[in-house]
Enquirer: 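Next up is a structure, given as structure tokens.
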Amino acid sequence: MTADDPLRTDGSADLPLEDSVIGVQFDLAGVLGIEPGRYYVRRADDAPVLEALLAGAERDRGGDVLIVSTVGAPILPDRRGFRRRPRRLTSLEGAEEIWLNRVTYVRGDHIFAEPRDVQRALGQLMGSREEQARMVFAAFAVTNLAIRAQRIADGDPSLNEVHPHQVWRTRIGSAGASQVAAGLLDEAFEFPLPPAPRWHDRLPSAEAVARALGGREEIRPSDELLVRVAGDVGAGRYRLGAAQLPAVVALTADGADSRLAVRATSLADRAARGDMTAQDQTELADLIRELWSTSTAARAAATESPDPRIEDEG
């Protein structure tokens, strides 16, 4: 890393100080897991080309860059040693300040030498909701790839992937290469997130939480695993999702339809061979919905049944 090459990482292309870039940036609280720094990202061969950013851009200047930084309160708690005794705290008024993780993702084909070109491209991007979404979800896909790599390297299952609906704010903007390397954007607009997709039926969430905490309903392992499968499929990890479906069927407490078991096993076998087609992916999504609908109906029936531990106060 050199002073005249602020975005240079191992394997990345040279991005001089005078160049400007357009990127996606978002902030979120909590432990992200990825160490702060700048990471070279090899762009996938099938990465979508954003038409709004073609005019005036100097394309193929190298790989992409993921920049992880922290802003806000003191970055991390002191971990130089663990206290043997608890430390007494004074009364606190209001909430404590916490740090935010700031993630910035810049593609190597969104590089501009002329300020007027980057302004024109940013203006065109503001008018294209579809291309905004493609940029944002690509940034989250790269971030989650980094989190998964960190989770495996650390052997830490508590490191979870992030979703656009979890972050404090998502921005798309432009700045000079040196500013972006420091996690800063000159001009930006907020990306308004669409409503979270409803891929399944659902029960009233407050009631479900109350029943679980009150000991009136157990959380079924099959439901927990099925939600994970849906998350994998939603992230495009179809083989991983399909491989887990037979376990979902096997864990179903009231026994699943044997035809569902056959379909789940067949999909898992195809996933193991690595030859899942687009039709297989559609069948996988349909089977997840079917299993979830069956589970939801069973939980709804249990909710409607009177609880013998609740006495009639009348």
Enquirer: Sub-3.5 Å donor-acceptor pair from the side chain of Ser295 to the main-chain atoms of Leu291, do we have one?
Expert: no

Enquirer: Start with the C-alpha gap between Val229 and Leu240, add the side-chain angles, then the distance that decides, and say whether side chain to side chain contact (heavy atoms under 4.5 Å, CB included) holds.
Expert: CA-CA 8 Å; Val229 170; Leu240 182 59; over 6 Å; no

Enquirer: Under a 3.5 Å distance rule, please check whether Gln132 uses its side chain to pair with a backbone N or O of Leu125 as donor and acceptor.
Expert: yes

Enquirer: Find the distance between CD (Gln281) and OH (Tyr238) and round it off to the nearest 0.5 Å.
Expert: 4.5 Å

Enquirer: Is a donor on one side and an acceptor on the other found under 3.5 Å between the side chain of Asp286 and the backbone of Glu283?
Expert: no

Enquirer: Measuring from Asp156:CG to Ile147:CD1, what's the distance to the nearest 0.5 Å?
Expert: 11.5 Å

Enquirer: Can you tell me how far apart NE2 (His163) and OG1 (Thr143) are? Round to the nearest 0.5 Å.
Expert: 13.0 Å

Enquirer: Please name the pair of heavy atoms, one in Val233 and one in Gly241, separated by the smallest distance, quoted to 0.1 Å.
Expert: CG2-CA, 4.3 Å

Enquirer: Would you mind listing every salt bridge (charged side-chain N to carboxylate O under 4.0 Å, His left out) that reaches into residues 164-193, with sequence neighbours excluded?
Expert: Asp27-Arg171, Arg169-Glu190

Enquirer: Do any pairs count as a salt bridge (charged side-chain N to carboxylate O under 4.0 Å, His left out) and have a residue in residues 233-244, sequence neighbours left out, and if so which ones?
Expert: Glu161-Arg237, Asp232-Arg237

Enquirer: Could you report the tightest heavy-atom contact between Ser69 and Pro36, atom names first, then the distance?
Expert: CA-CB, 4.5 Å

Enquirer: Got a second to check how far Leu66's CG is from Arg38's CZ, nearest 0.5 Å?
Expert: 11.5 Å

Enquirer: If we ignore angles and hydrogens, is there a donor and acceptor under 3.5 Å between the side chains of Ser266 and Arg270?
Expert: yes

Enquirer: Do Thr70 and Leu32 have side-chain heavy atoms sitting under 4.5 Å apart?
Expert: no

Enquirer: Taking all non-hydrogen atoms of both residues, which atom of Ala243 and which atom of Ala268 are closest, and how far apart?
Expert: CA-CB, 4.2 Å

Enquirer: Would a hydrophobic clustering, with Ile, Leu, Val, Met, Phe, Trp and Tyr connected at side-chain separations under 4.5 Å, put Leu267 with Leu251?
Expert: yes

Enquirer: Does some side-chain heavy atom of Val227 sit less than 4.5 Å from a side-chain heavy atom of Trp292?
Expert: yes

Enquirer: Should Leu28 and Gln166 count as side-chain neighbours, where that means a heavy-atom distance under 4.5 Å?
Expert: no

Enquirer: Hey, does Val162 have a side-chain heavy atom less than 4.5 Å from the side chain of Val103?
Expert: no

Enquirer: Just by distance, no angles: are the side chains of Tyr105 and Asp64 close enough, under 3.5 Å, to form a donor-acceptor pair?
Expert: yes

Enquirer: So which heavy atom on Ala175 is nearest to which on Leu184, and how close?
Expert: CB-O, 3.7 Å

Enquirer: Could you check whether Phe191 and Phe26 have their ring centres less than 6.0 Å apart?
Expert: no

Enquirer: With the 4.5 Å side-chain cut-off for hydrophobic clustering, are Leu260 and Val248 part of the same group?
Expert: yes

Enquirer: Do Leu245 and Leu225 belong to the same hydrophobic cluster, where Ile, Leu, Val, Met, Phe, Trp and Tyr are linked whenever their side-chain heavy atoms lie under 4.5 Å apart, directly or via other members?
Expert: yes

Enquirer: Report the distance from atom CG of Leu284 to atom CZ of Arg263, rounding to the nearest 0.5 Å.
Expert: 10.0 Å

Enquirer: With a 4.5 Å cut-off on side-chain heavy-atom distances among I, L, V, M, F, W and Y, is there a chain of contacts connecting Val24 to Met126?
Expert: yes

Enquirer: Quick one: closest heavy-atom pair of Pro164 and Phe137, and the distance?
Expert: CG-CE2, 3.5 Å

Enquirer: Please lay out, stage by stage, how Asn101 and Val68 fare under the test side chain to side chain contact (heavy atoms under 4.5 Å, CB included).
Expert: CA-CA 7 Å; Asn101 300 286; Val68 180; 5.5 Å; no

Enquirer: What's the separation between atom OG in Ser20 and atom CZ in Arg116, rounded to the nearest 0.5 Å?
Expert: 12.0 Å

Enquirer: State, with a plain yes or no, whether a side-chain heavy atom of Gln279 is found less than 4.5 Å away from one of Thr282.
Expert: no

Enquirer: Determine, using the 4.5 Å side-chain heavy-atom cutoff (strictly less than), whether Val167 and Phe189 are members of one ILVMFWY cluster.
Expert: yes

Enquirer: Indicate the atoms forming the closest heavy-atom contact of Ala146 with Ile34, along with that distance.
Expert: CB-CD1, 3.5 Å

Enquirer: Could you check whether any side-chain N or O of Arg102 sits under 3.5 Å from a backbone N or O of Gly183, counting only pairs where one atom can act as donor and the other as acceptor?
Expert: yes

